[in-house]
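A, B, ... follow the sequence lines: proteins, then strands. Residue 1 opens every chain. Just so it is clear, the model here is predicted, and its values are computed rather than measured.
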Amino acid sequence: MRHDHLLTAKQLSREDVETVLDRAAEFDRDPSAARERHAGELLGLCFFEPSTRTKMSFETAAKRLGADVVDMGSVESSSVKKGESLADTVRVVEGYADALVLRHPKQGAAKMASEYVDVPVVNAGDGAGHHPSQTLLDLYTIREHAGLDDISVGIMGDLKYGRTVHSLAHALTNFDVRQHFVSPESLRLPRSVRYDLHESGAQVREHEDLEDVLPNLDVLYVTRIQRERFPDEDEYEAVAGEYSITPDVLERAKDDLSVMHPLPRVDEIAPEVDDTDYATYFEQAHNGVPVRMALLDLLL
Amino acid sequence: MTDTELRVSKIQSGTVIDHVTAGEALHVLTLLGIDGSGGETVSLGMNVPSERLGKKDVVKVEGRELSESELEVLSLIAPEATINIVREYDVVDKRRVEPPEEVSGVLTCPNRDCITNAGEPVATRFAVLDDGLRCEYCGDIVRDDITAHLAD
Ligand SMILES: [Zn+2]
């Protein structure tokens with residue numbers, strides 16, 4: 001990878017993705033082999049919005065590489081609460097750390113931060129924008145299960161605000177993937193993402209009914225539909241029910257379909273699915289550590 | 001002297017923006033931050049017949065030469081505009097506006113969740129697409145009513 005930062009999945013070429021995933025596979029086979037690789041280095045964790053899982057995953061990855069972490073702590077207890085700007089915070093933390101991991105509620109926050117510091121910035125989620133390290137672990141999981149070429153991937157749920165969806169859609173354009181987007185009309189992909197997919201010549205279809213595509217899919221990537229996106233409860237209930245996965249729904253799927261989810265889930269995947277061969281989401285979550293190890297290894 | 005020139009008086013020094021898309025003259029003034037309070041003499045011609053455009057607007061601003069970045073942004077709302085810089089009643093420079101690859105600091109991003117609207121010390125930056133503008137930070141695309149997003 002020739003990049004100084006990881007800000008969006010859009011910046012990743014096929015070669016970049018393969019480099020990270022191959023390295024991740026090495027770490028996955030033997031996590032202890034990397035123990036001293038980055039001894040003495042420090043990763044700065046700047047989480048302006050709570051995300052225990054993503055933060056723990058980066059922290060674990062850093063420690064498995066022999067690096068340590070410094071954490072600005074929760075927003076409630078930090079100077080951010082007192083009105084300090086993001087620009088100031090990252091310049092201060094830059095003085096301590098060899099790379100920064102940033103989570104922020106505003107879109108474009110990581111991009112802005114990268115313009116203020118000389119150390120690598122990893123975007124760990126910026127509002128409804130991007131979440132590229134999640135995308136790398138999603139791609140790793142897809143590659144393990146279905147390969148990354150000549151496959152059909154269904155992406156379902158809140159496609160409008162789902163940053164993991166936006167990042168994944170961009171990244172998949174590097175591969176020979178047919179992308180099927182399934183959502184209620186009100187939660188379709190945003191114009192800017194559709195624009196990019198169109199520009200890249202991706203094979204994209206949009207659907208309101210999962211049934212239309214389920215039998216063809218090799219991967220079904222499910223995301224959460226949030227209650228607060230809907231003006232009233234009834235509308236939410238109607239939509240949520242239609243976009244939840246149960247063993248019954250999956251009867252029409254290919255036997256080797258992988259059901260993925262960035263987690264946490266609420267009720268979009270029934271617990272009964274967990275025990276089936278379709279369930280790939282916990283494995284997907286575990287893949288976060290080797291993939292983030294590979295990413296940090298390349299950036300630190 | 002042509003009919004058009006008769007309608008709007010000659011200026012001593014300043015800028016004549018000709019071939020402005022009909023109806024956009026007031027937006028051009030907004031874009032240039034001209035509201036009359038600066039004391040400049042401004043003459044407007046609106047819906048003036050034009051051979052090239054059918055109808056056009058003309059804006060003459062006395063005592064002010066437009067900067068390069070002002071011209072670039074102007075191109076977004078008046079792509080056909082021609083700029084005449086006038087000194088002592090002579091046109092000393094005449095050119096077309098060229099759309100830039102990027103405009104910086106002039107427009108605000110319509111996306112309220114964009115980092116450029118979060119009180120951070122960052123100037124907005126938009127890439128110029130064939131049919132709109134794209135925020136370099138949040139990726140949002142602005143297609144219509146670009147003047148609605150002029151920064152204060
Ligand atoms: Zn923006």
Side-chain angles (χ1 to χ4, degrees), chain A residues 5 7-11 46 48-49 75 80 82-91 102-117 121 123 125-132 160-163 165-167 169-170 189-200 228-229, chain B residues 21 24 27 31 67-70 72-73 75-79 98-152:
Chain A
H5 309 286
L7 304 178
T8 76
K10 253 193 273 188
Q11 76 184 79
C46 302
F48 286 76
E49 158 180 280
V75 171
V80 173
K82 299 177 194 126
E84 185 178 58
S85 67
L86 168 63
D88 284 0
T89 304
V90 293
R91 280 180 289 186
L102 178 72
R103 161 71 64 104
H104 196 278
K106 296 289 179 182
Q107 283 172 252
K111 159 102 174 137
M112 191 203 85
S114 74
E115 292 168 357
Y116 276 91
V117 299
V121 172
N123 184 0
D126 59 342
H130 303 272
H131 195 2
K160 186 172 185 182
Y161 299 97
R163 59 189 166 205
V165 168
H166 307 161
S167 286
H170 283 126
L189 280 178
R191 176 161 78 175
S192 62
V193 177
R194 276 183 285 143
Y195 178 90
D196 284 327
L197 294 178
H198 179 76
E199 287 281 290
S200 68
E228 54 269 31
R229 303 285 182 220
Chain B
T21 314
E24 291 293 329
H27 285 145
L31 196 68
S67 71
E68 213 46 57
S69 66
E70 285 174 322
E72 289 189 338
V73 182
S75 73
L76 303 174
I77 59 167
E98 293 269 349
E101 282 180 18
E102 187 178 281
V103 284
S104 185
V106 192
L107 303 163
T108 55
C109 181
N111 175 4
R112 59 192 165 81
D113 289 323
C114 178
I115 192 70
T116 60
N117 290 320
E120 295 288 336
V122 59
T124 59
R125 216 159 69 227
F126 291 84
V128 178
L129 312 174
D130 288 342
D131 57 348
L133 296 171
R134 176 170 225 176
C135 175
E136 301 265 27
Y137 290 91
C138 71
D140 257 27
I141 295 178
V142 188
R143 284 235 170 86
D144 319 306
D145 206 7
I146 285 165
T147 43
H149 306 298
L150 285 170
D152 296 329

Drop me the distance from [X]'s [atom1] to [Y]'s [atom2], to the nearest 0.5 angstrom.
X: A/Lys111; Y: B/Thr116; atom1: NZ; atom2: OG1; value: 12.0 Å
X: B/Arg125; Y: A/Met112; atom1: CZ; atom2: CE; value: 12.0 Å
X: B/Cys138; Y: A/Lys106; atom1: SG; atom2: NZ; value: 11.0 Å

Tell me if the [atom1] atom of [X] is crowded by more than 12 foreign heavy atoms within 6.0 Å.
X: B/Glu101; atom1: CD; value: no
X: A/Arg91; atom1: CZ; value: yes
X: A/Lys10; atom1: NZ; value: yes

> What's the shortest heavy-atom distance between A/Tyr195 and B/Ile141, and which atoms?
Replying inline: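 Minimum heavy-atom separation between A/Tyr195 and B/Ile141: CG-CD1, 3.6 Å.
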> Looking at B/Glu120 and A/Ser85, what are the two nearest heavy atoms and their distance?
Replying inline: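 Closest heavy-atom pair between B/Glu120 and A/Ser85: OE1-CB, 3.2 Å.
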> In terms of heavy-atom proximity below 4.5 Å to chain B, should A/His104 be classed as side chain, backbone, both, or neither?
Replying inline: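 Looking at A/His104, just its side chain touches chain B.
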>> I need the residue from A/Pro190, A/Ala128, A/Pro105, A/Ala109 with the largest number of non-hydrogen atom pairs under 4.5 Å to chain B.
In response: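 The residue among A/Pro190, A/Ala128, A/Pro105, A/Ala109 with the greatest pair count is A/Ala109.
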>> Tell me whether A/Gln107 contacts the main-chain N or O of B/Gly139 through its side chain, where contact means a donor paired with an acceptor under 3.5 Å.
In response: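 Flag not set: sc A/Gln107 to bb B/Gly139 has no pair under 3.5 Å.
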> Do you know which of B/Leu129, B/Asp140, B/Asn117 has the most heavy-atom pairs under 4.5 Å to chain A?
Replying inline: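 If we count pairs closer than 4.5 Å to chain A, B/Leu129 comes out on top.
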> By a 4.5 Å heavy-atom criterion (distance strictly below it), what part of B/Arg134 contacts chain A: side chain, backbone, both, or neither?
Replying inline: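 Contact with chain A involves the side chain of B/Arg134 alone.
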